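The structure appears right after this line, and notes come after that.
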Amino acid sequence: TKPRSTSVSVRDSLPASIQFQWSTTSDEEYYEIELQQDTITFYNDITTNNHYDYIFADTGSYSWRVRAASSHWQLKTNWSENRPFQINLR
């Protein structure tokens, strides 16, 4: 499942595997992804891909954001906008 802005993912059961995808940035070496629930960051990681899979154990309202980085740049890019989504059970 690929969450879009304010999307709802309805599942038959948990855990739920969600895949996040974003556009690439030129010359990036890696991306940082951050997951939040109720505006509190509970997970962050680094990936060299423009997608990331995470397994959620609970229903709820979440959001995610990403930014690009490279050792050749002085600074990382700004964070993307927060992209809210929900996980609900049928």
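Worth saying up front: this structure is predicted, and the values here are computed from it rather than measured. The first residue of the sequence shown is numbered 1, and numbering continues consecutively from there.
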>> With a 4.5 Å cut-off on side-chain heavy atoms, are Y62 and I87 touching?
In response: yes
> What closest approach, in Å, do Q37 and G60 show between heavy atoms, and which atom pair accounts for it?
Replying inline: NE2-CA, 4.1 Å
> Are F20 and F85 near enough that their ring centres are under 6.0 Å apart?
Replying inline: yes
>> Applying side-chain contact (heavy atoms from CB on, under 4.5 Å), can you list everything that pairs with E29, at least two apart in sequence or on another chain?
In response: S70, S71, H72
> Could you give the distance from CZ (F42) to CG (D38), rounded to the nearest 0.5 Å?
Replying inline: 10.0 Å
> Residues in side-chain contact (heavy atoms from CB on, under 4.5 Å) with N44, at least two apart?
Replying inline: E34
> What distance separates D53 CG from S17 OG, expressed to the nearest 0.5 Å?
Replying inline: 5.0 Å
> Passes side chain to side chain contact (heavy atoms under 4.5 Å, CB included), R83 versus S63? Steps please.
Replying inline: CA-CA 5 Å; R83 297 175 178 140; S63 65; 5.9 Å; no
>> Run the side-chain contact (heavy atoms from CB on, under 4.5 Å) test against D45 and tell me which residues pass, sequence neighbours left out.
In response: I33, Y43, Y52
> So, T77 side chain and R67 main chain: donor-acceptor pair closer than 3.5 Å or not?
Replying inline: no
> How many angstroms lie between atom CG of N82 and atom CH2 of W64, to the nearest 0.5 angstrom?
Replying inline: 10.5 Å
> Does T59 reach the main-chain N or O of L89 with its side chain, forming a donor-acceptor pair under 3.5 Å?
Replying inline: no
>> Between E32 and K76, does the salt bridge (charged side-chain N to carboxylate O under 4.0 Å, His left out) criterion hold? Intermediate values first, please.
In response: CA-CA 9 Å; E32 291 182 61; K76 298 172 183 174; 2.6 Å; yes
>> Can a donor-acceptor pair be found, under 3.5 Å and without considering hydrogens, that links the side chain of N88 to the backbone of V10?
In response: no
>> I need the minimum non-hydrogen distance between W22 and N49, along with the two atoms involved.
In response: CZ2-O, 3.3 Å
>> Rounded at 0.5 Å granularity, tell me how far OH in Y31 sits from CD1 in I46.
In response: 13.5 Å
>> Between R11 and S13, is there a side-chain donor-acceptor contact under 3.5 Å, judged purely by atom types and distance?
In response: no
>> Rounded to the nearest 0.5 Å, what separates atom CD1 in I18 from atom CG in L35?
In response: 10.5 Å
